[in-house]
Amino acid sequence: MPLKDRMLNDLWYKNAIVYCLSVGTFMDANGDGVGDFQGLLRRLDYLQGLGVTTIWLMPFQPSPGRDNGYDISDYYNVDPKYGTLGDFSEFTHACRERGLRVMIDLVVNHTSDQHPWFREARSDPDSQYRDWYVWSDKQPPNAKDGVVFPGVQKSTWTFDKQAKRWYFHRFYEFQPDLNTANPYVRAELLKIMGFWIQLGVSGFRMDAVPFVIATKGPKVREPVEQYDMLREFREFLQWRQGDAIILAEANVLPDTDLEYFGDEGERLQMMFNFQLNQNTFYALATGDTAPLKKALTATRPRPATAQWGVFLRNHDELDLGRLTPEQREAVFAAFAPEPDMQLYERGIRRRLAPMLAGDRRRLELAYSLMLTLPGTPVFRYGDEIGMGDDLRLPERECARTPMQWSTEPEGGFTKHAKPPCRVITGGAYGFERVNVASQRRDPNSFLNWMERMIRMRREVPEISWGDFDVLRTSRSDVLALRFDWRNNSVLCLHNFGAEACTVKFRSGCNEPGQNRLINLLSDEHSEEQDDGRHAVVLEPYGYRWYRVGGLDYLLRRSEI
Ligand code: NOJ
């Protein structure tokens with residue numbers, strides 16, 4: 001094996017399976033109605049059994065909790081409702097024992113307005129913290145521009161009575177932006193990373209990266225991203241701990257992807273692929289895979305050490321802002337026809353299972369696809385049992401209800417009779433019908449299907465490591481992807497159509513006798529036909545994962 005390849009094996013995040021959870025809604029051990037680290041500790045064997053390799057914790061630091069913890073008031077502690085720093089280090093230790101990696105959210109675009117830095121900054125003009133935030137003497141002319149939560153957030157500048165000045169906040173008014181142009185702020189940011197690395201984490205999901213690195217201030221009309229900052233973060237992390245990484249939340253256009261990764265991979269190791277996400281939902285809604293294929297091609301260039309984070313739904317709304325208005329309307333019509341299911345004039349606030357009407361075939365299609373798109377799959381807790389949402393809750397809270405463990409009261413999440421965040425009860429998605437314990441006993445459950453799929457995905461490193469091609473097929477509603485790595489190839493088919501179909505395609509390997517497609521999930525393999533093509537019959541929403549027999553594929557790439 002060439003030396004370079006051997007070293008690449010060290011990049012753990014390339015073949016990881018990430019599972020995102022919030023401590024407060026996962027498992028409550030002390031019965032106070034709020035999930036905690038002790039509860040999470042008791043569920044680590046479950047996560048290990050599911051096959052995930054990395055746990056991403058949403059913010060758990062002290063916070064007034066006005067944006068689900070994304071308004072932090074102390075970066076160096078654990079919110080007492082979740083436990084102590086001691087519990088946290090027990091948790092990272094227990095993860096290490098099981099071979100699980102831990103990532104945490106790094107929310108440094110802004111603090112809570114209750115953070116001592118902001119309190120001091122607003123009350124004392126001579127404080128060193130005054131310049132840690134972004135101020136203006138007058139209301140800037142563009143104060144109403146650039147809101148992230150249209151319909152809820154009114155402006156990006158708010159007058160502070162104490163400071164008698166306006167402060168900038170890209171998000172809600174209780175989240176003042178940090179002035180990342182200030183070198184002391186950046187030094188503190190590194191210190192925060194260093195602190196949590198010391199306590200055993202392997203990386204950070206960095207919140208709102210384009211805004212962290214943008215120029216900010218009353219005179220800034222068009223913010224400009226300071227990409228070099230990313231290199232600074234990356235270098236610091238790697239000096240401290242060689243295998244630590246940053247996964248960026250950056251919903252940006254493909255032509256800036258390499259600015260984030262760095263041409264030589266010298267900036268961030270991972271980014272969520274929002275392009276694939278939005279176009280996947282368009283394909284799921286309409287059966288038209290053309291825009292998804294385009295997004296695949298557009299986001300293909302990346303350095304060998306870089307990796308996409310591939311996801312379906314997360315803790316936020318499904319943001320469809322990058323689709324055309326017609327495409328967005330098509331997704332709304334299919335998955336969120338009621339205004340109450342939509343959010344911020346651009347997205348959908350539902351969980352995936354209700355969006356797909358609980359249709360097992362479509363759920364399997366969606367997750368099979370997520371597991372086989374180029375990148376590292378990122379699950380959200382409850383995905384594995386098909387959890388639903390509670391649309392009576394405001395904004396994004398509807399998709400953040402407690403994990404449903406069993407048929408016990410409150411779904412086994414807590415012994416508290418009335419927890420502040422209620423588990424979903426009754427109906428098709430209530431804990432009585434959708435829970436881990438029942439699905440564990442049923443060999444055909446969604447949970448057991450997911451476990452098998454995750455297991456297989458981990459055994460197919462071609463998807464994580466390899467290069468890919470979008471293959472030409474006879475049908476526009478079928479996506480055929482082929483991954484190649486170290487003379488091995490894997491070919492995946494997904495039928496987005498509601499009808500059964502026969503799809504014809506060439507595998508791309510022309511060596512006689514090496515063109516057999518070996519089904520990885522069942523006994524039904526595919527032989528090449530006389531015309532050199534394969535013809536596979538797919539069920540409505542059917543999918544296949546094959547290993548390809550031939551080896552010379554790289555000599556003959558097929559293009560879409
Ligand atoms: C992105 C996070 O995903 C979202 O939940 C949060 O509201 C904003 N950043 C502000 O931190």
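Atoms within a ligand are numbered from 1 in the order they appear, just like the ligands themselves.
Counting only heavy atoms of the protein, atom 11 (O) of ligand 1 lies nearest to Asp207 OD2, 2.8 Å. Nearest protein heavy-atom neighbour of atom 5 (O) of ligand 1: Asp316 OD1, 2.6 Å.
Contact analysis leaves Glu317 out of contact with ligand 1, as no non-hydrogen atom separation drops below 4.0 angstrom. For Asp67, the heavy-atom gap to ligand 1 drops under 4.0 angstrom.
Among Phe171, Phe211, Tyr172, the residue whose heavy atom lies closest to atom 8 (C) of ligand 1 is Phe171.
With a heavy-atom cut-off of 4.0 Å, His169 does not touch ligand 1 at all.
For ligand 1, the atoms lying closer than 4.0 Å to a non-hydrogen atom of Phe149 are 7 (O). Ligand-side atoms of ligand 1 in range of Glu249: 1 (C), 3 (O), range being under 4.0 angstrom from any heavy atom. Below 4.0 Å from some heavy atom of His315 lie the following atoms of ligand 1, by number and element: 2 (C), 3 (O), 4 (C), 5 (O). The His110 neighbourhood of ligand 1 comprises atoms 10 (C), 11 (O), with distances under 4.0 Å to a heavy atom of that residue. Counting the atoms of ligand 1 from 1 in the order shown, those under 4.0 Å from a heavy atom of Arg396 are 4 (C), 5 (O), 6 (C), 7 (O).
The aromatic ring centres of His115 and Tyr129 sit 6.0 Å or more apart. Between Trp56 and Phe311, the distance from one ring center to the other does not fall under 6.0 angstrom. Taking the six-membered ring for Trp and the full ring otherwise, the centers of Phe233 and Phe204 sit at least 6.0 Å from each other.
In this structure, Arg362 forms no cation-pi arrangement with Phe446, as its terminal cationic atom is not both closer than 6.0 Å to the ring centre and no more than 45° off the ring axis.
Judged purely by distance below 3.5 Å, without hydrogens or angles, the side chains of Tyr344 and Arg396 pair a donor atom with an acceptor atom. There is a side-chain donor-acceptor pair under 3.5 Å between Asp105 and Tyr70. Defined by atom type and a distance below 3.5 Å, a donor-acceptor pair is missing between the side-chain atoms of Gln275 and Thr299.
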Would you check, one step at a time, whether the test side chain to side chain donor-acceptor pair (under 3.5 Å) holds for Glu384 with Tyr19? CA-CA 10 Å; Glu384 70 274 29; Tyr19 186 95; 2.7 Å; yes
